[in-house]
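Any value given below was found using the heavy atoms of this structure, including those in side chains, with hydrogens, waters and symmetry copies removed.
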Amino acid sequence: MRELSVIVYGRDVQGHLADCLDSVTGQIPDGAELIVAAVGDPAPAADVPGRVTVLALPDATSDEDARAAGGERACGAWLFFVHAKDRVPAGALRALRDRVAELPDDAGRAGRVDVVLADHVRSTWHTSGVPGPDARHLAEAGPRDLTLAECPDLLRVTPLLGNRALRATFWRAHRDRLAATDERFAARAALVLADRVTALQEVVLDERRLRAASLPPLTPEQHYAAVGQYDGLQRLMADRGTPAGPRTVLYDVMATDCMRIVARAGMPEPVAREFFHRASRAAVAWRPEGYRRPAGPEGVRRRLLEEDAYSRYRAFQSVNHRRRDLQSAVRGRKRQVGAKVRDLRYRRDLRRPVDPSLAVFSAYWDRGIACNPGAIAAKLAELAPGIRPVWVVTPAGVPLLPPGTDHVVPGSRRYWEVMARAKYLVNNVNFPNAVAKRPDAIHVQTHHGTPLKRMGLDQIEYPTASKGLDFRQLLSRVDKWDYSVTSNSHSTRMWEHAYPSHYVPLEYGYPRNDVYYRATAADIRAVRDRLGIAPGRRAVLYAPTHRDYEASWTPRLDLAALAERLGDDTVLLVRGHYFYGGGASPLAGLRRTGRVIDVSTYDPVEELALAADALVTDYSSIMFDYANLDRPIVIYADDWEMYAKTRGVYFDLMAQAPGHVARSQAELTGILTSGAWRDEASGKARAAFRRRFCEFDDGRAAERVVRRVFLGESESSLPPVVPVDERVPAPTPEEAAGR
């Protein structure tokens, strides 16, 4: 039998399972094993021969059942449960293994140690490794073997199974209370049931605390469960004849916790009232003899709880809030002097009913009609003409709008009116912080690419990329999303990780990519005519992305030399990233040659893709969209290491590219002049790339979004996604020309 079984269990929440497994598999000591009882993709991140067991659990498996399944499969004398969202600090498993190895087995002997209690740290989206509150309680217990009566404050240690190891025979003897039950209940019940407990000062767990806004709202019964768990623990103590000391501590913990829960914002009023009532009954039923309430406001709250005086409690809470608000208002009055009339009008409009026929659209920070919002608006006009779209467009973009487009300029009086009244708000970036989220309005985040580079909260560790980004404000904007549109499972997982909140992912494909399956040969000929591409010439679209470490754009290729090598039968369509707009174009001197066409300001970019025989890009998300056309893609990655280091990436593009990779201009020229750009190896790489990243793009994404969001149709009634291998993309330029 091994000394220690480490059991990683639970659902892969927001993509943290891989981090958890990496933290465990890299440090499994001799005498320990790993049981992976995770729901998701439980493949260990490293190979530990003979000491890893992976359980295949159904998707509907709960955390509790996964934990129980892992415990049943474990062979160790001690069990250490780690939730799939958490991590194990380096050295923790060896320290835990060494400690349990010191404890005698003494099977069946009363007075043995059944629980080893240890320290933990906490991490959130913006903090890492923050010490928890338990160190003083563990220090008080010391390394001795204690009964709970000898150190009742151990009940105040954070109730996690990940900060304690349980003797396997003890766990199995009490599996009804420790296995398929709530973690908080099981953690405290283990202390109540144990013969003896010992403390370990080392940190053995990094608990990841997820944003409440990223989790499903609790049902009323889930709220009430906390009271039921404390009832169950008190009853367990009573049945076992637990001494007064631990019962008093548990009572104090219960009362404090219940008051904290009822004070939280967001609990529906009827639920809060019922929770208070149930907590009151528990407070009266389990109050220890001679118990004295705390002094001050907390004592007042406890008295109101015992009296089941919910209305008086809320009044007391309201008085305290008003006092704090008044103090805050006095401090902020100077800042509020001269509040803008716009704000007053906006607040007034927010009190008016939502207009169910009004939809606000914006794309790329109000640049104009484009991208996924543009495709959704076009389909909306077809399927739901009764809903009128209003576009948010900057003054510079207004002259470029199609005639008759209803629009507002940011900051104008009508802008704030439509933002307040609109039922639907659709954007491929975020709306400004000042835009309020009305409960009956629907915000649709369409995004504008598939993430190769790190996004959102994942940029925290990359200061070059995140300079000036306020992550708290970012999350407040993300919390307004109701829906997040994605084109593949990779994006769904990365958005969950980078933007943790309560929105619903719509795995429908990117609406802007519908055109890649709907464009005709005539459409492609017309685009090439507009661009001035002569019949029979090959067009190569070069579309690099921006670098966070570059203030302006200088092409990383000698375009004149490349065009010369490619010859007169090839034209380069060069599109600089829109972040670099506004200055003089570095391509100005090349336009006269006729071999290089600057298309940096040409919209929509989808037409450029349709016109191109091949794409050359670096790390731009255009590669994921262009792959829908099933045409050759070449990656020019002369600075991959620098880009990955400064921006951060989600996967190794060099190993998973959609075609050949060139690390220098000479390599790129060779690929484009030799025919390798369209060879068999390129086709195989592209096929694998398409299966992964064009998963939901089949030409009907916009229709699915409109039917689900605007028309309220059920998922089952939406057009099913056509498998990648069965789709027929738009014709190539060669096919369109009849060659």
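Considering all non-hydrogen atoms of both residues, Tyr313 and Ala263 come closest at OH-CB, 3.5 Å. The minimum heavy-atom distance between Pro389 and Asp406, with the atom names listed, is O-CB, 3.7 Å. When all heavy atoms of Gly132 and Arg122 are compared, the pair lying nearest together is CA-NE, 4.3 Å. Considering all non-hydrogen atoms of both residues, Ala370 and Trp391 come closest at N-CH2, 4.1 Å. The minimum heavy-atom distance between Pro373 and Ala363, with the atom names listed, is CG-CB, 4.2 Å. Nearest heavy-atom pair, Asn430 versus Val478, reported as atom, atom and distance to 0.1 Å: OD1-N, 4.4 Å.
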side-chain contact (heavy atoms from CB on, under 4.5 Å) assessment of Tyr643 paired with Lys453
CA-CA 9 Å; Tyr643 185 86; Lys453 63 187 178 185; 3.4 Å; yes

Before you tell me yes or no, could you show the steps for Arg388 and Ser357 under side chain to side chain donor-acceptor pair (under 3.5 Å), namely the whole-Å CA-CA distance, both residues' side-chain angles and the distance that decides it to 0.1 Å?
CA-CA 6 Å; Arg388 68 183 192 280; Ser357 64; 3.2 Å; yes

Please evaluate residues Arg493 and Asp12 with respect to the criterion salt bridge (charged side-chain N to carboxylate O under 4.0 Å, His left out), reporting the C-alpha separation (whole Å), side-chain torsions for both, the decisive distance (0.1 Å), and the verdict.
CA-CA 10 Å; Arg493 294 193 304 272; Asp12 182 9; over 6 Å; no

Can Lys423 and Leu358 be said to form a side-chain contact (heavy atoms from CB on, under 4.5 Å), step by step?
CA-CA 6 Å; Lys423 172 72 173 180; Leu358 177 59; 5.8 Å; no

Report the C-alpha distance between Phe276 and Cys258 in whole Å, list the side-chain angles of each, state the deciding distance to 0.1 Å, and finish with yes or no for side-chain contact (heavy atoms from CB on, under 4.5 Å).
CA-CA 8 Å; Phe276 193 91; Cys258 286; over 6 Å; no

Could you walk me through whether Thr394 and Asp366 pass side chain to side chain donor-acceptor pair (under 3.5 Å), step by step?
CA-CA 6 Å; Thr394 62; Asp366 308 329; over 6 Å; no

Is there a side-chain contact (heavy atoms from CB on, under 4.5 Å) between Arg547 and Asp618? Walk through the geometry before answering.
CA-CA 11 Å; Arg547 270 72 169 163; Asp618 42 22; 2.5 Å; yes

Derivation of the side chain to side chain donor-acceptor pair (under 3.5 Å) call for His447 and Thr486:
CA-CA 8 Å; His447 306 282; Thr486 75; over 6 Å; no

Worked check of side chain to side chain donor-acceptor pair (under 3.5 Å) between Asn488 and Ser491:
CA-CA 5 Å; Asn488 49 67; Ser491 294; 2.9 Å; yes

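Side-chain atoms of Gln445 come within 3.5 Å of backbone atoms of Val429 as a donor-acceptor pair (strictly under, hydrogens ignored). Looking at Arg575, its side chain does come within 3.5 Å of a backbone N or O of Val599 through a donor-acceptor pair. Judged by distance alone, the side chain of Arg421 and the main-chain N or O of Arg352 form no donor-acceptor pair under 3.5 Å. Formation of a donor-acceptor pair under 3.5 Å by the Ser476 side chain with backbone atoms of Gln473 is found in this model. No donor-acceptor distance shorter than 3.5 angstrom exists from the side chain of Tyr310 to the backbone of His277, with no hydrogens or angles considered. Side chain of Ser123 to backbone of Gly129: a donor-acceptor contact under 3.5 angstrom is found. Checked by atom type and distance alone, the side chain of Arg208 never pairs as donor or acceptor with a backbone atom of Asp86 at under 3.5 Å.
Note on ring orientation: taking the six-membered ring where Trp is involved, the planes of Tyr503 and Trp481 are tilted (angle from 30° to 60°). Under the 30°/60° scheme for interplanar angles, the aromatic rings of Phe361 and Phe710 are found to lie parallel.
Between Leu17 atom CG and Lys85 atom NZ the span is 12.5 Å, to the nearest 0.5 Å. Note: Lys437 NZ to Lys480 NZ = 10.0 Å, rounded to the nearest 0.5 Å. Considering CG of Leu475 and OG of Ser501, their distance stands at 7.5 Å, rounded to 0.5 Å. Remark: Glu606 CD to Tyr510 OH distance equals 12.0 Å, nearest 0.5 Å. In this structure, the separation between CG on Asp206 and OG on Ser128 is 6.0 Å, given to the nearest 0.5 Å. Between Tyr346 atom OH and Tyr415 atom OH the span is 8.0 Å, to the nearest 0.5 Å.
Other residues, nucleotides and ligands contribute over 12 non-hydrogen atoms within 6.0 Å of the CZ atom of Arg348. Annotation for Glu461: atom CD does not count as buried by contact number, only 12 or fewer foreign heavy atoms lying within 6.0 Å.
Between Val262 and Gln317 there is no side-chain heavy-atom pair separated by less than 4.5 Å. Side chains of Trp125 and Arg472 form a contact here, defined as non-hydrogen atoms less than 4.5 Å apart. Between Phe275 and Met267 the shortest side-chain heavy-atom distance falls below 4.5 Å. Residues Arg707 and Arg700 have side chains not in contact (no heavy-atom distance under 4.5 Å, counting atoms from C-beta outward). No side-chain heavy atom of Met623 sits less than 4.5 Å from a side-chain heavy atom of Phe693. Side-chain contact check for Pro500 versus Leu210: every heavy-atom pair is 4.5 Å or farther apart. Side-chain contact check for Leu452 versus Ser621: every heavy-atom pair is 4.5 Å or farther apart. Under the 4.5 Å side-chain criterion, counting only non-hydrogen atoms from C-beta, Glu382 is not in contact with Val706.
With respect to Asp625 and Arg512, a salt bridge is recorded, a charged nitrogen being found less than 4.0 Å from a carboxylate O. Contact check on Asp698 versus Arg704 returns a salt bridge, with a Lys/Arg side-chain nitrogen under 4.0 Å from an Asp/Glu carboxylate oxygen. A salt bridge links Glu298 to Arg301: one of the charged nitrogens lies within less than 4.0 Å of a carboxylate oxygen. Between Lys379 and Asp514 there is no salt bridge, since no side-chain nitrogen of the basic residue lies less than 4.0 Å from a carboxylate oxygen of the acidic one. Using a cut-off of 4.0 Å between Lys/Arg side-chain N and Asp/Glu carboxylate O, Glu417 and Arg414 are scored as not salt-bridged.
If you check the side chains of Tyr602 and Glu607, you find a donor sitting under 3.5 Å from an acceptor. Looking only at atom types and distance, the side chain of Thr256 has a donor-acceptor partner in the side chain of Arg302 under 3.5 Å away.
Taking the six-membered ring for Trp and the full ring otherwise, the centers of His497 and Tyr650 sit at least 6.0 Å from each other. Tyr508 has its ring centre no less than 6.0 Å from the ring centre of Tyr483.
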